[in-house]
**Student:** 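Once you've had a glance at the structure underneath, I'll fire off some questions.
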Amino acid sequence: MATETTSRDDFGEVSQLRGLLFEYLSLGASVVGILALALLLVYVTIDAFGLWNADDAWLLAYVAAFAFPAVGFLLYAADDPRVTRQSGLALVGGLVGFFALFRGLEALGMGVPRLSWPLAYIFGVLVPVTGYVGYAAYQRPAGAVGIGLLGRVAGGLGLAVAVTSVFVIADVYRWFLVFTLGIAPAAAIYAAGRVRASRPLTYLAVPVALLGAAAGFVLREFLVVYPRQWLIYALTLGVPVAVAVAALVWRRRGERSAAAVAVGLVAVVTTLGYVSGMVGLSRAAVVLLLLTVAVPVGLQIDRVLSHGRGSVGLLFPVVLVAGALAGTVLVDLLAATGPSPWLDWSYVTNPPSTTIADDAGLYPAIVGSIFIITIVALLSFALGVGTAVFLEDYTPDTGPLATVTRLIQINISNLAGVPSVVYGLLGLGLFVNLLGLGFGTVVVAAVTLSLLILPIVIISAQEAIRSVPDDMRQASYGLGATRWQTTKNVVLPESLPGILTGTILSLGRAIGETAPLIMIGAPTTVFAPPEGLLARTSAMPMQIYAWAALPQQDFRYGVVAAGVVTLLVVLIGLNATAILVRNRYERSDG
């Protein structure tokens, strides 16, 4: 065996010391890099939420009333003595250690800028331990239920924000016409075709949808009378959600329960939407939150109660809410001063300001980024996967066409390493100057960023398609399937998790790019969200770049930090959604 000899001709002399040094050097480099990034994110978070202004008593009150009970519940859900022992030692030892460290530094006349010992304890011990305990708890039914419930609440809120952003851009009244004239009739025709097993009827749904959508776009220019917005939400979103929920309930509880749930859901949404306006709440917001948050949470609770596993996890949100209320009471009793956050509700709903930091907001840039990245995802996924399928499964291995294919492949590989600023210049010359699509418009920004990530999407999709065993293709051909049927039913489903992984990483790069947007003339500051594909728009990186150049300290640190955290939250939300979709395909595949 190779390990029993001191040297080999092909590997040279074997040295355990060199291998050991290489291992520890690699580990050290990884740790230093992770710690540097973590420290940067900690300072950005502290600046964004103004935590350095908070009293130590305020921080410790919420740690005691909110964080410790939450960790305790997760430890109970994890039901692992080893995890409990390790976490308890880390929490108590970290508390004593950071207190002693900072007191010792103060005695020596030294200090860590903008960082107190409770903040160091929260970010250095409490957050990592909570993540560790949460992971352990997620492996058990109770923890999975509790964390899953919170995930549905967070995902529902994100979906509500995304729907609102789309309606701001795409015009809710145009959506109402497209749904009423195109989508609803097409869905009804398709359902009738499936019930009657009539293929012509199902094929008719597509032209009906297209014609109805076109009619909706035309009629929008002439019609001036429409239902109220919350009623449009209840009709165009509430009815499809009720149908989807009824389908789920049908499988669990039968036909009668499904019909009752569908009718009841529409009635509840309509009634609460009407009543909420009478007490001063936004009817549209109430309807959206009911559909995006309450419905998923209700389905989760129903499933847990019907299965009878992990029902204790349903108490996790109760523990969090009770902890937050107890922390508020404790802070009032202590009369402790809280933080002065830059990142609050007004920050994400206000237009930007370049003169008064307290009035600065990121709303137009958030909407612009979401709109741009949505188009980028659609374009890059369709073009990238289509190109990858063609290159892998539809090009010959020999002959002149194979030579051309190899040249194309080499160029795609080279394009993946081209600097982003070059793509910005390409977008400026091609889409702005040649095609005249306008400086800094939504369509130009989206197409330019799509070109930027397209080579990466193609290469990752090719690797995923190439990893599908050839035996599966041959088995499909052996059963008489055509090449297209094999691609659609065998290759793409098998390679979809890998394709989605590459697309997720590419979108993460696209949403943070600034150089291409500068080259195509995207404005650094706009005061309203875009209202169409040809409207000029900014994006979150552009707005952050503009604030960072201002001389005021409040802009350069507080407002910029809040923008960075917002950008990270949007990025994590997009990635989390894509990862959930990918994992769902992986599970269904298994």
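The structure presented is a predicted model; accordingly, all values stated were derived computationally and were not measured.
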**Student:** Does any N or O in the side chain of Asp55 come within less than 3.5 Å of the main-chain N or O of Trp58, such that one atom is a donor and the other an acceptor?
**Tutor:**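 Answer holds: no.
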**Student:** Any side-chain heavy-atom pair from Phe371 and Thr537 closer than 4.5 angstrom?
**Tutor:**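 SC-SC contact between Phe371 and Thr537 ruled out.
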**Student:** Rounded to the nearest 0.5 Å, what separation is found between the CH2 atom of Trp117 and the CG atom of Leu59?
**Tutor:**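 That separation rounds to 9.5 Å.
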**Student:** With under 30° as parallel and over 60° as perpendicular, where do the rings of Phe73 and Phe316 fit, or are they tilted in between?
**Tutor:**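 Parallel: the ring planes of Phe73 and Phe316 meet at under 30°.
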**Student:** Donor-acceptor pair, distance only, cut-off 3.5 Å: does the side chain of Ser369 make one with the backbone of Met540?
**Tutor:**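 Present.
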**Student:** Measuring only between side-chain heavy atoms, which start at C-beta, is Arg509 closer than 4.5 Å to Ile456?
**Tutor:**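 Sidechains of Ile456 and Arg509: in contact.
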**Student:** Should we say atom CZ of Arg309 is surrounded by more than 12 heavy atoms from elsewhere, each under 6.0 Å from it?
**Tutor:**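 12 or below, so no.
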**Student:** Less than 4.5 Å apart, side chain to side chain, heavy atoms only: is that true for Leu235 and Leu231?
**Tutor:**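 No, side chains not in contact.
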**Student:** Would you be so kind as to tabulate the donor-acceptor pairs closer than 3.5 Å made by side chains of residues 26-45, with sequence neighbours excluded?
**Tutor:**
| unit_1 | atom_1 | unit_2 | atom_2 | d |
| --- | --- | --- | --- | --- |
| Ser26 | OG | Phe22 | O | 2.8 |
| Ser30 | OG | Ser26 | O | 2.9 |
| Tyr43 | OH | Pro113 | O | 2.8 |
| Thr45 | OG1 | Leu41 | O | 2.7 |

**Student:** Got a sec: does the CZ of Arg103 have more than 12 other heavy atoms crowding it under 6.0 Å?
**Tutor:**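 Correct, the count exceeds 12.
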**Student:** Any side-chain heavy-atom pair from Pro352 and Trp547 closer than 4.5 angstrom?
**Tutor:**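 In short, these two side chains touch, coming nearer than 4.5 Å.
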**Student:** Got a second to check how far Leu449's CG is from Leu517's CG, nearest 0.5 Å?
**Tutor:**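 Here the interatomic distance stands at 5.0 Å.
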**Student:** Is the number of heavy atoms from other residues, nucleotides or ligands under 6.0 Å of Phe527 CZ greater than 12?
**Tutor:**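 Yes, enclosed.
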**Student:** Between Trp230 (side chain) and Gly277 (backbone), is there a donor-acceptor pair under 3.5 Å?
**Tutor:**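 Checked: no pair found.
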**Student:** Are any side-chain N or O atoms of Tyr121 and backbone N or O atoms of Leu60, one a donor and one an acceptor, separated by less than 3.5 Å?
**Tutor:**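 Answer holds: no.
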**Student:** Between Tyr132 (side chain only) and Gln86 (backbone N and O only), is there a donor and an acceptor less than 3.5 Å apart?
**Tutor:**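 Side chain of Tyr132 to backbone of Gln86: no pair is present.
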**Student:** Can you tell me how the ring of Phe176 sits relative to the ring of Tyr226, calling it parallel under 30°, perpendicular over 60° and tilted otherwise?
**Tutor:**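 Phe176 and Tyr226: perpendicular rings.
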**Student:** Is the number of heavy atoms from other residues, nucleotides or ligands under 6.0 Å of Phe555 CZ greater than 12?
**Tutor:**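 Correct, the count exceeds 12.
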